[in-house]
Amino acid sequence: MPADLAVIGLGQLGLPLAQAAVAAGIPTLGYRTAPDADFQNGSLTPAELRRMRAQGFRPTTSPAELGRVRTAVICAPTPHGADGTLDLTHVADAARTLAERLRPHTTVILESPVHPGTTEQFLRPLLEEGSGLRAGRDFHLAYSPGRTDPGNRDFGPANTPKVIGGLTPACTESAAAFYGRLTDKVVRARGPREAETVQLLETNYRHVNIALVNEMAVLCHDLGVDVWDVIRCAETKPFGFQAFRPGPGVGGHGVPQDLAGHAPRSLRMVELAQRVNDRMPQYVVQRAATLLNEHGKSARGARVLLLGVTYKPDVADQQSTPAREIARRLMELGAAVSYHDPYVPSWNVLDRPVPRADSLYEAAADADLTILLQQHRTYDLQGLSVKAQLLLDTRGAAPMGAAHRL
(Lines give C-alpha, C1' and ligand atoms only; values in the text may rest on other atoms or scores of the structure.)
Protein backbone atom coordinates (compact mmCIF):
# COMPACT_ATOMS: atom_id res chain seq x y z
CA MET A 1 0.00 0.00 0.00
CA PRO A 2 1.50 3.40 -0.93
CA ALA A 3 1.92 5.74 2.03
CA ASP A 4 0.31 9.19 2.16
CA LEU A 5 2.56 10.33 4.99
CA ALA A 6 6.19 9.94 6.02
CA VAL A 7 7.07 10.65 9.64
CA ILE A 8 10.82 11.21 9.83
CA GLY A 9 11.96 10.43 13.35
CA LEU A 10 10.03 8.04 15.59
CA GLY A 11 10.85 9.48 18.98
CA GLN A 12 8.62 11.31 21.46
CA LEU A 13 7.07 13.51 18.74
CA GLY A 14 7.06 11.28 15.69
CA LEU A 15 5.72 8.09 17.20
CA PRO A 16 2.49 9.63 18.60
CA LEU A 17 1.97 11.39 15.25
CA ALA A 18 2.34 8.11 13.37
CA GLN A 19 -0.10 6.42 15.76
CA ALA A 20 -2.65 9.20 15.30
CA ALA A 21 -2.25 9.16 11.54
CA VAL A 22 -2.87 5.44 11.05
CA ALA A 23 -5.74 5.58 13.52
CA ALA A 24 -7.26 8.25 11.24
CA GLY A 25 -6.88 5.99 8.23
CA ILE A 26 -3.73 7.56 6.74
CA PRO A 27 -1.22 5.03 5.38
CA THR A 28 2.01 6.07 7.12
CA LEU A 29 5.67 5.44 6.54
CA GLY A 30 7.84 5.70 9.65
CA TYR A 31 11.41 6.56 8.78
CA ARG A 32 13.68 5.61 11.63
CA THR A 33 16.73 7.73 12.37
CA ALA A 34 19.73 6.86 14.55
CA PRO A 35 18.62 8.65 17.74
CA ASP A 36 15.10 7.17 17.82
CA ALA A 37 15.62 5.56 21.20
CA ASP A 38 11.90 5.56 22.03
CA PHE A 39 10.98 3.31 19.11
CA GLN A 40 14.04 1.08 19.25
CA ASN A 41 13.91 0.57 23.00
CA GLY A 42 10.34 -0.61 23.04
CA SER A 43 7.99 2.26 23.82
CA LEU A 44 5.50 0.33 21.70
CA THR A 45 4.33 -3.03 22.95
CA PRO A 46 4.30 -5.82 20.35
CA ALA A 47 0.48 -5.65 20.37
CA GLU A 48 0.50 -1.89 19.71
CA LEU A 49 2.97 -2.28 16.87
CA ARG A 50 0.89 -5.07 15.31
CA ARG A 51 -2.20 -2.87 15.56
CA MET A 52 -0.41 0.04 13.89
CA ARG A 53 0.86 -2.21 11.11
CA ALA A 54 -2.64 -3.52 10.52
CA GLN A 55 -3.88 0.07 10.26
CA GLY A 56 -1.32 1.03 7.63
CA PHE A 57 1.94 1.80 9.44
CA ARG A 58 5.20 0.69 7.85
CA PRO A 59 8.54 1.42 9.58
CA THR A 60 11.56 1.65 7.30
CA THR A 61 15.19 2.68 7.16
CA SER A 62 15.18 3.00 3.37
CA PRO A 63 15.45 6.67 2.28
CA ALA A 64 14.18 5.81 -1.22
CA GLU A 65 10.66 5.36 0.14
CA LEU A 66 10.50 9.01 1.21
CA GLY A 67 10.02 10.04 -2.41
CA ARG A 68 6.63 8.34 -2.63
CA VAL A 69 4.62 10.35 -0.12
CA ARG A 70 2.48 13.46 -0.36
CA THR A 71 3.28 14.76 3.14
CA ALA A 72 6.52 14.50 5.13
CA VAL A 73 6.75 15.59 8.76
CA ILE A 74 10.21 16.00 10.31
CA CYS A 75 10.19 15.07 14.00
CA ALA A 76 13.94 14.72 14.53
CA PRO A 77 15.26 15.41 18.05
CA THR A 78 16.93 18.74 18.86
CA PRO A 79 18.86 18.17 22.10
CA HIS A 80 20.71 20.92 23.88
CA GLY A 81 24.34 21.13 22.81
CA ALA A 82 27.33 21.67 25.07
CA ASP A 83 26.88 25.46 24.79
CA GLY A 84 23.20 25.24 25.77
CA THR A 85 21.83 25.93 22.29
CA LEU A 86 19.64 23.52 20.35
CA ASP A 87 21.57 20.99 18.29
CA LEU A 88 20.01 20.85 14.81
CA THR A 89 22.25 18.05 13.51
CA HIS A 90 19.44 15.50 13.29
CA VAL A 91 17.09 18.00 11.63
CA ALA A 92 19.78 18.72 9.04
CA ASP A 93 20.35 15.02 8.40
CA ALA A 94 16.62 14.45 7.98
CA ALA A 95 16.32 17.43 5.63
CA ARG A 96 19.19 16.29 3.41
CA THR A 97 17.83 12.76 3.25
CA LEU A 98 14.37 14.02 2.31
CA ALA A 99 15.64 16.63 -0.16
CA GLU A 100 17.29 14.05 -2.38
CA ARG A 101 13.89 12.38 -2.92
CA LEU A 102 11.60 15.41 -2.67
CA ARG A 103 8.97 15.60 -5.40
CA PRO A 104 6.96 18.64 -6.55
CA HIS A 105 3.73 19.37 -4.66
CA THR A 106 4.90 17.56 -1.53
CA THR A 107 4.02 19.18 1.80
CA VAL A 108 6.96 19.31 4.24
CA ILE A 109 6.25 20.15 7.88
CA LEU A 110 8.75 20.59 10.72
CA GLU A 111 7.57 19.67 14.25
CA SER A 112 10.91 19.52 16.06
CA PRO A 113 11.47 22.15 18.80
CA VAL A 114 13.55 24.90 17.18
CA HIS A 115 14.41 28.57 17.55
CA PRO A 116 12.22 31.08 15.67
CA GLY A 117 13.46 31.45 12.11
CA THR A 118 14.76 27.89 11.74
CA THR A 119 12.18 26.76 9.18
CA GLU A 120 12.96 29.63 6.82
CA GLN A 121 16.66 30.19 7.46
CA PHE A 122 17.89 26.66 8.14
CA LEU A 123 15.48 24.04 6.82
CA ARG A 124 14.38 25.80 3.65
CA PRO A 125 17.90 26.18 2.14
CA LEU A 126 18.71 22.53 2.85
CA LEU A 127 15.55 21.33 1.11
CA GLU A 128 15.94 23.67 -1.85
CA GLU A 129 19.62 22.97 -2.43
CA GLY A 130 19.18 19.22 -2.15
CA SER A 131 16.09 19.00 -4.35
CA GLY A 132 16.46 21.79 -6.86
CA LEU A 133 12.90 22.79 -6.00
CA ARG A 134 11.69 26.06 -4.55
CA ALA A 135 9.69 26.21 -1.32
CA GLY A 136 6.38 27.98 -1.69
CA ARG A 137 6.35 27.42 -5.43
CA ASP A 138 7.28 23.79 -6.10
CA PHE A 139 6.56 22.32 -2.67
CA HIS A 140 4.80 23.45 0.52
CA LEU A 141 6.75 24.19 3.69
CA ALA A 142 5.33 24.83 7.18
CA TYR A 143 6.05 24.59 10.89
CA SER A 144 3.75 23.09 13.52
CA PRO A 145 4.80 22.91 17.18
CA GLY A 146 4.53 19.44 18.65
CA ARG A 147 1.95 19.14 21.41
CA THR A 148 2.35 15.71 22.92
CA ASP A 149 1.71 14.98 26.59
CA PRO A 150 2.67 11.37 27.38
CA GLY A 151 0.23 9.64 29.68
CA ASN A 152 -2.46 12.33 29.40
CA ARG A 153 -5.82 10.53 29.38
CA ASP A 154 -7.87 13.64 28.63
CA PHE A 155 -6.07 15.20 25.67
CA GLY A 156 -4.62 13.43 22.65
CA PRO A 157 -4.08 14.28 18.98
CA ALA A 158 -7.79 14.30 18.12
CA ASN A 159 -8.86 16.95 20.64
CA THR A 160 -5.63 18.99 20.89
CA PRO A 161 -5.64 21.94 18.44
CA LYS A 162 -2.73 22.10 16.01
CA VAL A 163 -1.02 25.40 15.20
CA ILE A 164 0.18 25.78 11.59
CA GLY A 165 2.46 28.43 10.13
CA GLY A 166 3.27 28.12 6.44
CA LEU A 167 5.84 29.87 4.29
CA THR A 168 2.97 31.14 2.12
CA PRO A 169 -0.81 31.12 2.59
CA ALA A 170 -0.97 28.12 0.24
CA CYS A 171 1.63 26.32 2.37
CA THR A 172 -0.45 26.98 5.48
CA GLU A 173 -3.60 25.64 3.85
CA SER A 174 -1.85 22.52 2.59
CA ALA A 175 -0.50 21.74 6.06
CA ALA A 176 -3.89 22.58 7.60
CA ALA A 177 -5.59 20.16 5.23
CA PHE A 178 -3.28 17.38 6.44
CA TYR A 179 -3.68 18.09 10.16
CA GLY A 180 -7.42 18.53 9.68
CA ARG A 181 -7.55 14.78 9.13
CA LEU A 182 -6.09 14.21 12.62
CA THR A 183 -7.53 16.87 14.90
CA ASP A 184 -10.79 18.67 15.56
CA LYS A 185 -9.25 22.14 15.32
CA VAL A 186 -6.48 23.74 13.27
CA VAL A 187 -5.18 27.18 14.25
CA ARG A 188 -3.46 29.19 11.52
CA ALA A 189 -0.50 31.34 12.55
CA ARG A 190 0.67 34.24 10.41
CA GLY A 191 3.79 32.36 9.37
CA PRO A 192 6.43 29.83 10.44
CA ARG A 193 8.19 32.28 12.78
CA GLU A 194 4.98 32.85 14.72
CA ALA A 195 4.33 29.10 14.90
CA GLU A 196 7.90 28.46 16.09
CA THR A 197 7.50 31.13 18.75
CA VAL A 198 4.30 29.46 19.95
CA GLN A 199 6.41 26.43 20.82
CA LEU A 200 8.90 28.71 22.59
CA LEU A 201 6.17 30.38 24.66
CA GLU A 202 4.39 27.16 25.60
CA THR A 203 7.57 25.42 26.74
CA ASN A 204 8.88 28.39 28.71
CA TYR A 205 5.48 29.05 30.27
CA ARG A 206 5.64 25.63 31.88
CA HIS A 207 9.16 26.06 33.21
CA VAL A 208 8.66 29.58 34.54
CA ASN A 209 5.50 28.63 36.44
CA ILE A 210 7.04 25.48 37.85
CA ALA A 211 10.01 27.57 39.01
CA LEU A 212 7.65 30.00 40.77
CA VAL A 213 5.84 27.27 42.63
CA ASN A 214 9.13 25.54 43.49
CA GLU A 215 10.37 28.78 45.03
CA MET A 216 7.08 29.02 46.92
CA ALA A 217 7.58 25.47 48.24
CA VAL A 218 11.01 26.34 49.66
CA LEU A 219 9.69 29.59 51.13
CA CYS A 220 6.65 27.90 52.67
CA HIS A 221 8.83 25.25 54.30
CA ASP A 222 10.98 27.98 55.87
CA LEU A 223 7.83 29.76 57.09
CA GLY A 224 6.19 26.60 58.40
CA VAL A 225 3.36 26.95 55.89
CA ASP A 226 1.77 24.04 54.01
CA VAL A 227 2.36 24.93 50.34
CA TRP A 228 -0.04 22.23 49.17
CA ASP A 229 -2.87 23.80 51.16
CA VAL A 230 -1.94 27.20 49.74
CA ILE A 231 -2.23 25.83 46.21
CA ARG A 232 -5.48 24.04 47.00
CA CYS A 233 -7.04 27.28 48.13
CA ALA A 234 -5.51 29.45 45.40
CA GLU A 235 -6.80 27.27 42.57
CA THR A 236 -10.38 28.02 43.58
CA LYS A 237 -9.91 31.48 42.06
CA PRO A 238 -11.85 31.32 38.77
CA PHE A 239 -9.70 33.88 36.93
CA GLY A 240 -6.07 35.01 36.72
CA PHE A 241 -4.58 31.85 38.21
CA GLN A 242 -3.57 28.42 36.95
CA ALA A 243 -2.34 25.88 39.47
CA PHE A 244 1.14 24.41 39.10
CA ARG A 245 2.63 22.11 41.70
CA PRO A 246 6.18 21.82 43.07
CA GLY A 247 8.33 18.76 42.72
CA PRO A 248 11.88 17.43 42.94
CA GLY A 249 12.86 18.98 39.61
CA VAL A 250 11.69 19.25 36.01
CA GLY A 251 12.08 16.52 33.42
CA GLY A 252 10.68 15.72 30.02
CA HIS A 253 11.47 16.66 26.45
CA GLY A 254 10.30 20.29 26.54
CA VAL A 255 13.62 21.99 27.22
CA PRO A 256 13.46 25.68 28.21
CA GLN A 257 14.95 28.10 25.69
CA ASP A 258 16.29 31.55 26.51
CA LEU A 259 17.34 32.38 22.88
CA ALA A 260 20.78 33.60 23.94
CA GLY A 261 22.72 34.22 20.75
CA HIS A 262 19.62 33.69 18.59
CA ALA A 263 17.73 36.92 19.25
CA PRO A 264 18.45 40.60 20.01
CA ARG A 265 17.73 39.93 23.66
CA SER A 266 17.57 36.86 25.89
CA LEU A 267 14.64 35.81 28.06
CA ARG A 268 16.07 36.57 31.48
CA MET A 269 13.11 35.13 33.34
CA VAL A 270 13.58 31.79 31.58
CA GLU A 271 17.26 31.73 32.51
CA LEU A 272 16.36 32.41 36.15
CA ALA A 273 13.59 29.80 36.10
CA GLN A 274 16.04 27.21 34.83
CA ARG A 275 18.43 27.96 37.70
CA VAL A 276 15.59 27.62 40.22
CA ASN A 277 14.40 24.31 38.80
CA ASP A 278 17.94 22.95 38.49
CA ARG A 279 18.43 23.51 42.24
CA MET A 280 15.45 21.36 43.26
CA PRO A 281 17.23 17.96 43.24
CA GLN A 282 19.89 19.40 45.56
CA TYR A 283 17.16 20.83 47.80
CA VAL A 284 15.46 17.42 48.01
CA VAL A 285 18.74 15.80 49.05
CA GLN A 286 19.29 18.51 51.69
CA ARG A 287 15.80 17.89 53.08
CA ALA A 288 16.47 14.15 53.09
CA ALA A 289 19.76 14.55 54.98
CA THR A 290 18.09 16.87 57.51
CA LEU A 291 15.25 14.41 58.12
CA LEU A 292 17.70 11.58 58.69
CA ASN A 293 19.71 13.70 61.14
CA GLU A 294 16.54 14.65 63.02
CA HIS A 295 15.84 10.95 63.47
CA GLY A 296 19.34 10.12 64.69
CA LYS A 297 20.74 8.85 61.41
CA SER A 298 23.47 10.03 59.08
CA ALA A 299 23.11 10.13 55.33
CA ARG A 300 26.29 8.08 55.12
CA GLY A 301 25.26 4.46 55.36
CA ALA A 302 21.53 5.26 55.37
CA ARG A 303 19.26 3.01 53.30
CA VAL A 304 17.25 5.31 50.99
CA LEU A 305 14.44 4.06 48.75
CA LEU A 306 13.39 6.20 45.77
CA LEU A 307 9.84 5.72 44.53
CA GLY A 308 9.15 6.58 40.88
CA VAL A 309 12.21 7.47 38.80
CA THR A 310 10.49 8.50 35.55
CA TYR A 311 9.97 12.16 34.73
CA LYS A 312 6.18 11.86 34.70
CA PRO A 313 3.60 9.63 36.42
CA ASP A 314 2.43 6.47 34.67
CA VAL A 315 4.91 6.59 31.79
CA ALA A 316 8.24 4.83 31.29
CA ASP A 317 10.05 7.89 29.93
CA GLN A 318 13.12 8.91 31.94
CA GLN A 319 14.11 11.93 29.81
CA SER A 320 15.83 14.49 32.09
CA THR A 321 14.28 12.93 35.19
CA PRO A 322 15.46 14.65 38.39
CA ALA A 323 15.57 11.24 40.06
CA ARG A 324 18.96 10.56 38.50
CA GLU A 325 20.64 13.60 40.05
CA ILE A 326 18.96 12.95 43.39
CA ALA A 327 20.25 9.37 43.41
CA ARG A 328 23.72 10.53 42.39
CA ARG A 329 23.91 13.13 45.16
CA LEU A 330 22.69 10.63 47.76
CA MET A 331 25.29 8.10 46.65
CA GLU A 332 28.00 10.72 46.88
CA LEU A 333 26.91 11.34 50.48
CA GLY A 334 27.42 7.62 51.16
CA ALA A 335 23.78 6.52 51.18
CA ALA A 336 22.79 3.03 50.01
CA VAL A 337 20.20 3.87 47.34
CA SER A 338 17.58 1.52 45.94
CA TYR A 339 14.50 2.25 43.86
CA HIS A 340 11.04 1.04 42.94
CA ASP A 341 9.22 1.88 39.72
CA PRO A 342 6.69 -0.35 37.96
CA TYR A 343 7.72 1.15 34.60
CA VAL A 344 11.51 0.82 34.96
CA PRO A 345 12.82 -2.75 35.19
CA SER A 346 16.46 -1.65 35.54
CA TRP A 347 18.20 1.63 36.30
CA ASN A 348 21.82 2.80 36.25
CA VAL A 349 23.32 5.79 38.03
CA LEU A 350 27.01 6.70 37.97
CA ASP A 351 27.52 3.83 35.51
CA ARG A 352 26.41 1.20 37.96
CA PRO A 353 23.07 -0.54 38.49
CA VAL A 354 20.81 0.66 41.28
CA PRO A 355 19.16 -2.20 43.23
CA ARG A 356 15.47 -2.55 42.36
CA ALA A 357 13.02 -3.35 45.14
CA ASP A 358 10.79 -6.29 44.32
CA SER A 359 8.39 -5.85 47.23
CA LEU A 360 7.45 -2.20 47.74
CA TYR A 361 6.15 -2.50 51.30
CA GLU A 362 9.06 -4.65 52.49
CA ALA A 363 11.56 -2.27 50.93
CA ALA A 364 9.88 0.77 52.53
CA ALA A 365 9.81 -0.93 55.92
CA ASP A 366 13.50 -1.76 55.60
CA ALA A 367 14.63 1.66 54.36
CA ASP A 368 15.70 4.40 56.75
CA LEU A 369 14.09 6.91 54.40
CA THR A 370 11.65 6.54 51.51
CA ILE A 371 11.37 9.44 49.05
CA LEU A 372 8.34 9.68 46.78
CA LEU A 373 9.62 11.27 43.55
CA GLN A 374 6.82 10.27 41.17
CA GLN A 375 3.21 9.58 42.00
CA HIS A 376 2.35 6.54 39.87
CA ARG A 377 -1.28 5.46 40.12
CA THR A 378 -0.25 2.02 41.33
CA TYR A 379 1.19 3.42 44.55
CA ASP A 380 -1.04 3.02 47.61
CA LEU A 381 0.25 5.97 49.57
CA GLN A 382 -2.02 5.31 52.53
CA GLY A 383 -0.55 1.84 52.99
CA LEU A 384 2.93 3.04 52.17
CA SER A 385 2.82 5.75 54.83
CA VAL A 386 2.07 3.08 57.43
CA LYS A 387 4.90 0.77 56.33
CA ALA A 388 7.65 3.34 55.75
CA GLN A 389 9.91 4.24 58.66
CA LEU A 390 10.31 7.77 57.33
CA LEU A 391 8.62 9.18 54.21
CA LEU A 392 9.50 12.35 52.30
CA ASP A 393 6.75 13.26 49.85
CA THR A 394 7.92 15.58 47.06
CA ARG A 395 4.52 15.50 45.29
CA GLY A 396 2.08 16.36 48.08
CA ALA A 397 0.29 13.07 47.42
CA ALA A 398 0.41 11.28 50.77
CA PRO A 399 -2.40 11.72 53.30
CA MET A 400 -2.09 14.78 55.52
CA GLY A 401 0.21 14.07 58.46
CA ALA A 402 1.40 10.75 57.04
CA ALA A 403 4.62 12.06 55.54
CA HIS A 404 7.05 14.96 55.54
CA ARG A 405 6.17 17.11 52.57
CA LEU A 406 8.47 19.03 50.27
Side-chain angles (χ1 to χ4, degrees), residues 11-13 16 38 75 77-80 84-86 111-116 143-157 159-163 187 189 194-218 227-228 230-232 234-235 237 239-260 262-263 266-281 283-284 308 310-315 317-325 373-375 394-397 406:
Q12 56 94 20
L13 285 177
D38 286 352
C75 298
T78 53
H80 267 198
T85 61
L86 294 180
E111 277 207 13
S112 304
V114 295
H115 294 303
Y143 182 83
S144 179
R147 284 178 165 177
T148 60
D149 191 14
N152 192 321
R153 299 186 179 186
D154 297 320
F155 292 98
N159 63 348
T160 300
K162 280 295 283 182
V163 173
V187 180
E194 283 77 10
E196 290 162 338
T197 310
V198 168
Q199 180 269 327
L200 178 75
L201 176 60
E202 291 177 352
T203 300
N204 287 337
Y205 177 87
R206 170 177 177 253
H207 282 269
V208 168
N209 281 280
I210 291 175
L212 172 61
V213 79
N214 278 337
E215 288 246 277
M216 288 295 298
V218 176
V227 68
W228 306 98
V230 172
I231 296 169
R232 179 185 66 83
E235 67 182 342
K237 185 180 180 182
F239 52 88
F241 183 82
Q242 180 183 357
F244 283 76
R245 286 168 173 77
V250 182
H253 300 265
V255 180
Q257 301 175 38
D258 65 7
L259 291 184
H262 290 269
S266 63
L267 296 171
R268 290 174 293 174
M269 186 174 291
V270 174
E271 182 181 351
L272 177 60
Q274 183 68 6
R275 290 205 300 268
V276 170
N277 291 331
D278 285 347
R279 285 200 300 264
M280 290 308 292
Y283 177 70
V284 170
T310 61
Y311 92 88
K312 192 176 184 184
D314 306 311
V315 298
D317 200 334
Q318 300 174 47
Q319 178 72 28
S320 302
T321 173
R324 193 171 302 279
E325 183 179 349
L373 297 180
Q374 200 53 265
Q375 184 189 356
T394 70
R395 297 292 179 179
L406 186 66

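Computed from a predicted structure; not experimentally measured.
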Can you tell me how far [atom2] of [Y] sits from [atom1] of [X], rounded to the nearest 0.5 angstrom?
X	Y	atom1	atom2	result
T321	Q374	OG1	CD	7.0 Å
Q319	T310	CD	OG1	12.5 Å
D317	Q12	CG	CD	7.5 Å

Has the side chain of [X] got a donor or acceptor atom that lies under 3.5 Å from a matching backbone atom of [Y]?
X	Y	result
N159	D154	yes
E196	V114	no
N277	H207	yes
N214	G247	yes

Give a yes or no on whether a salt bridge exists between R245 and E235, defined as a side-chain N under 4.0 angstrom from a carboxylate O. yes
Ion pair E202/R206, N-O distance below 4.0 Å: no
Is the shortest heavy-atom distance from the side chain of [X] to the side chain of [Y] under 4.5 Å?
X	Y	answer
R395	P248	yes
S112	Y143	no
Y283	V218	yes
L272	R275	yes
R279	Q274	no

Heavy-atom pair with the smallest gap, counting every atom of [X] and [Y]:
X	Y	result
A273	V208	CB-CA, 3.8 Å
L200	P116	CD2-CG, 4.3 Å
T394	L373	OG1-CA, 3.6 Å
A195	A189	N-CB, 4.0 Å
P322	G251	CD-N, 4.2 Å
A211	V276	O-CG1, 3.5 Å

Would you check, one step at a time, whether the test side chain to side chain contact (heavy atoms under 4.5 Å, CB included) holds for Y205 with Q242? CA-CA 11 Å; Y205 177 87; Q242 180 183 357; 2.7 Å; yes
Apply side chain to side chain contact (heavy atoms under 4.5 Å, CB included) to I210 and V250, showing your working. CA-CA 8 Å; I210 291 175; V250 182; 3.5 Å; yes
Audit row: E111, R147, salt bridge (charged side-chain N to carboxylate O under 4.0 Å, His left out) steps and yes/no: CA-CA 9 Å; E111 277 207 13; R147 284 178 165 177; over 6 Å; no
For L13, which of P77, P145, P113 qualifies under side-chain contact (heavy atoms from CB on, under 4.5 Å)? P113
Crowding at CZ, F241 (>12 non-hydrogen neighbours, <6.0 Å): yes
No-hydrogen, no-angle side-chain donor-acceptor test under 3.5 Å, Q318 and R324: yes
